[in-house]
Amino acid sequence: MTRIFAKTKLLESQIDEYLNHTSQVGLLFLEAIKDYLEGRFEEFESRRQQVGALENHADELRRDVERQLYAETLIPESRGDVLGILENTDEVINAAKVTLAQVSSERPDIPDELDGDFLELADYGNRAVQELVMGIRAFFRTAAVTDFVHKVAFWEKEADTVAERLRRRIFAMDVELACKIHRGSFVRHIDTVADEAEDVSERLSISAIKRSI
Amino acid sequence: MILFFLSSALFLGWSLGANDAANVFGTAVATRMVRFRTAAIFCGIFVILGAVISGGGTTDTLGQLGAVNALGGSFMVALAAALAVLWMTKAGLPVSVSQAIVGAILGWNVFTGSQTDVGSLIKIVSTWVVCPLLAAVFAAVFYLAARRLIARWSVHVLELDAITRTCLIAAGAFGAYSLGANNIANVMGAFVPAFPVRSVAIAGLFTIDSVQLLFLVGGLAIAVGAFSYSHRVMMTVGKGLFRLTPVTALVVVLAEAIVLFLFASQSLESWLLSHGLPTIPLVPVSSSQAVIGAVIGIAVVKGGRGVRYSVLGKVAGGWAATPAIAAVLAFLGLFFLQNVFGLGVVRPTPFRLSEAVMERVSAEGLTSLSLEKLKGRSFENARAFKVALMDGTDLDSADVSLALEFAGRDSFFIVPDLIGAFDPSLLTVGQTDALRALEWRGFSHEWQLRERLVEETAEWALLPDGRENHQHNKAVRYRLRHVYDTFRVPLEREGR
């Protein structure tokens, strides 16, 4: 019996750590974009590497949690949902990591007048991630997730609005088409973070309904 | 020979283990919260403990319904019930061993012309309605409480999982204990009146009486049933009726366990009595009915969605059919056993209005000229005597019951050696002295022996029925049964 509870505590702390990593990735993502836009490339690289390291550790944690859930046949009824949520959350972390990697390797040329919009887009992505993490914590604490799911959807919509505006501004500029497409692809990449967060939150709300006793 | 007769009870015990025991842990195993092996081990151990420690309570009720008093009869009663259970299982309906055994006992009563105690029958049949209702109410209340508690507590799902698992095992063990205590009478109850009461030493360490030994064997049969065949039934019970979450599975197990406990616990009965509260009749109830009641209770609280009423109707039909099928099977089986194999299925209890009986009933205020016409005549059994009383006299039904109570013939001979062989803890010193005072005396009726004992000491007296005397009367009746069983002489050997 003590073994079961000890194992439970360990798993709980692993899941908490995983969610801490996710939250931190969101914050680092925003700071890294800010650094890049303001020309602090060294700081940008350092944050990008931190995100990479967090992603690796989060992957290990997730795999370990999944293995234990199955090996110990824990939470048999909601195991599938929990695995789905954890794996989809991984996509959020991946989206941030891939976007930063692309910025690092392709070094897009962003004119100063677009900085504000890009920053706003990254900010909304981060907000969506933070609300998502709180929603997942509430899910694990058998509390209501509706408020968090609603906020994630809100920030995702805001991000979409900014992304749309940015794309229109980019394609209205008097620059080469290749440059427009390059800048546009970064808008899409940064927007992916909020999109992925929304996907997880939708899954989260369904799982919460299923879990109600 | 006894082992052969017991085989049908073991078969019944096995099917009880495979079906009813599955109800206890079914929801836990089907929701994958408890492994089958763990469930089977806990179930087996606690069913045996419940049967041996608290099994006596419901036996009395079954004994009152019909005292199957010959091993051949007990054999067929258990076999008929087991076959009825098997039949219903094949039909895919949740089985109620309690109903099957009641039906089979009624079949024995009809075949042997014995009296059916209508009071006990009503008591038992009413529990078939009360038990699922009670389980539904408990489950609904527990469900609402659990939902509120979890909402307020905001416990981590993993902790909730661990707590639910632990509670499921604890509630399941409690349910298995209650099942053993409540349902062992179904398996072995029909053998109790046919078994002489003796104390048995186990490896010289402690002694249990022969009834407990009987219950131990029955408990083992139930445990074997749980191990060998309950897995499939567990999955059906846990998944077929209604989609259950681990917490609702726990609520179902808990509600069922409590209902079984309420109908089986003698300690609870004495506690209620001592506090002047109404008691719950100690009657074998069905765990299938309790489970279905509990599930429906939760479904209703959840808004009544997802209940398959057609299935529910089919199940209720099965509950009505089971006792009827068991009664018919018992009747036919007893006919074959008696007429084809020449086995005794009933201890002959002739009825005769002897001089002593006439005096006794007139002392009770029953004086009727029409009764005189039957004086000295012998009747094969209670039914024949009752028919003669109804047709040949002007007695009302209360007087008929009175005559039936006193006219049953029996034969007792107080052999001194047998008094010495009594378990000293069973009787008080006064009660033993009263027996000694009657050494070498013979009696033709239970009431004669009882009244002579009362004349020796008031410790043998039954007090007026009422809650304050309930425990005393129960103990005296139990001891009287020991005395009857010990000193009874078969009627055909009488006078040798």
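To find a chain, count down the sequence lines: A is the first, B the second, and so on, and within it residues start at 1.
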- Message: Looking at B:Arg35, I want to see if its CZ is surrounded by more than 12 non-hydrogen atoms of other residues, nucleotides or ligands under 6.0 Å.
- Response: no

- Message: Please determine whether the number of non-hydrogen atoms from other residues, nucleotides or ligands lying under 6.0 Å from atom CZ of B:Arg152 exceeds 12.
- Response: no

When rounded to the nearest 0.5 angstrom, what distance separates [atom1] in [X] from [atom2] in [Y]?
X: B:Leu158; Y: A:Gln68; atom1: CG; atom2: CD; answer: 9.5 Å
X: B:Thr248; Y: A:Glu77; atom1: OG1; atom2: CD; answer: 8.0 Å
X: A:Lys9; Y: B:Glu159; atom1: NZ; atom2: CD; answer: 3.5 Å
X: B:Arg165; Y: A:Thr8; atom1: CZ; atom2: OG1; answer: 8.5 Å

- Message: Within residues 124-140 of chain A, which residues come under 4.5 Å of chain B, heavy atom to heavy atom?
- Response: A:Phe139, A:Phe140

- Query: Looking at side-chain heavy atoms only, is the closest gap between A:Ile75 and B:Pro246 below 4.5 Å?
  - Reply: no

- So, the part of B:Ile163 with a heavy atom under 4.5 Å from chain A: the answer is both

- Counterpart residues, ring pair (Phe, Tyr, Trp, His ring centres under 6.0 Å), relative to A:His57 (two or more places apart): A:His21

- Item | Exercise: identify the closest heavy-atom pair between A:Pro76 and B:Thr31 | CG-O, 3.2 Å

